[in-house]
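Inspection log for the structure reproduced underneath, given as structure tokens.
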Amino acid sequence: MPKPLPVIQPVPPAAACCPPLTAAPLTAEQAEELAVRLKAIADPTRLRLLSLMLASPGMQACTCDLTEPLGLTQPTITHHLRKLAAAGLVVPERRVGNFTYYRVVSDALTGLASILAPVAGA
């Protein structure tokens, strides 16, 4: 019998988090939400996973295709991908059999970049 995947409640898209840091000070709630995303990408393995997925067709990859390039086991890769999913940066899609593909949420990365980027000409 197939094992059901746990339901992950992703963080809302980064664009909805808060205005750029140069616009106004963050509230405590906004800082917490932003910190979840920054913690998720502050890990070298997760940065490499994002890089591999962003460089792949459709900005997605199967967990089975990520183990060899990183030299890590499938459970370790899955752990890191779940952290990225919980932060709303990737979304999983169960396909045939036990294969799970993760796709980068480009809007979340764009939103994160716009929060951190200083205003041009400032």
Side-chain angles (χ1 to χ4, degrees):
M1 174 167 254
K3 180 180 175 185
L5 289 175
V7 177
I8 298 174
Q9 298 299 324
V11 174
C17 162
C18 47
L21 295 177
T22 57
L26 295 175
T27 65
E29 183 179 300
Q30 290 170 329
E32 276 296 320
E33 193 174 320
L34 183 56
V36 168
R37 287 186 184 89
L38 294 176
K39 285 179 187 177
I41 63 171
D43 181 273
T45 298
R46 293 182 203 138
L47 283 173
R48 291 189 66 205
L49 284 168
L50 281 172
S51 174
L52 287 166
M53 287 186 285
L54 286 166
S56 298
M59 296 188 308
Q60 64 183 349
C62 177
T63 53
C64 59
D65 296 328
L66 296 169
T67 56
E68 188 178 326
L70 294 175
L72 299 171
T73 64
Q74 189 274 332
T76 301
I77 295 293
T78 299
H79 163 77
H80 287 292
L81 289 168
R82 284 184 180 154
K83 293 288 188 180
L84 290 170
L89 300 172
V90 301
V91 291
E93 179 187 343
R94 187 59 132 346
R95 296 196 184 163
V96 180
N98 290 331
F99 296 106
T100 303
Y101 282 73
Y102 285 82
R103 181 180 44 81
V104 174
V105 180
S106 59
D107 288 346
L109 291 179
T110 302
L112 190 57
S114 69
I115 292 167
L116 298 174
V119 176

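For reference, positions follow the sequence shown, starting with 1.
- Listed by chain and number, the residues in a side chain to side chain contact (heavy atoms under 4.5 Å, CB included) with S106 are M59 (sequence neighbours excluded).
- Of the candidates V105, I41, V104, V36, I41 is the only one forming a side-chain contact (heavy atoms from CB on, under 4.5 Å) with L89.
- Here H79 contributes atom NE2 and T76 contributes atom OG1; the two are 8.0 Å apart, rounded to the nearest 0.5 Å.
- Of all heavy-atom pairs spanning C64 and C62, the tightest one is SG-SG, 2.6 Å.
- Connection of Y101 to L66 is not established within any shared hydrophobic cluster, with ILVMFWY side chains joined at heavy-atom distances below 4.5 Å, either directly or through further cluster members.
- Between A87 and A40, the closest heavy-atom pair is CB-CB, 3.6 Å.
- If you run side-chain contact (heavy atoms from CB on, under 4.5 Å) between L49 and each of V90, L72, I77, D43, only I77 comes through.
- Sorted by first and then second residue, the side-chain hydrogen bond (donor to acceptor under 3.5 Å, both in side chains) pairs involving residues 45-65 (not counting sequence neighbours) are R46-H80, Q60-R95.
- With sequence neighbours excluded, no residue forms a side chain to side chain donor-acceptor pair (under 3.5 Å) with E32.
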Step-by-step side-chain contact (heavy atoms from CB on, under 4.5 Å) determination, L81 to T100: CA-CA 11 Å; L81 289 168; T100 303; over 6 Å; no

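- Cluster membership check: L52 shares its hydrophobic cluster with Y102, using side-chain heavy-atom separations under 4.5 Å among Ile, Leu, Val, Met, Phe, Trp and Tyr.
- Note: L112 CG to L38 CG = 5.5 Å, rounded to the nearest 0.5 Å.
- For L21, the side chain to side chain contact (heavy atoms under 4.5 Å, CB included) test picks out L26, L34, I115, L116, with sequence neighbours left out.
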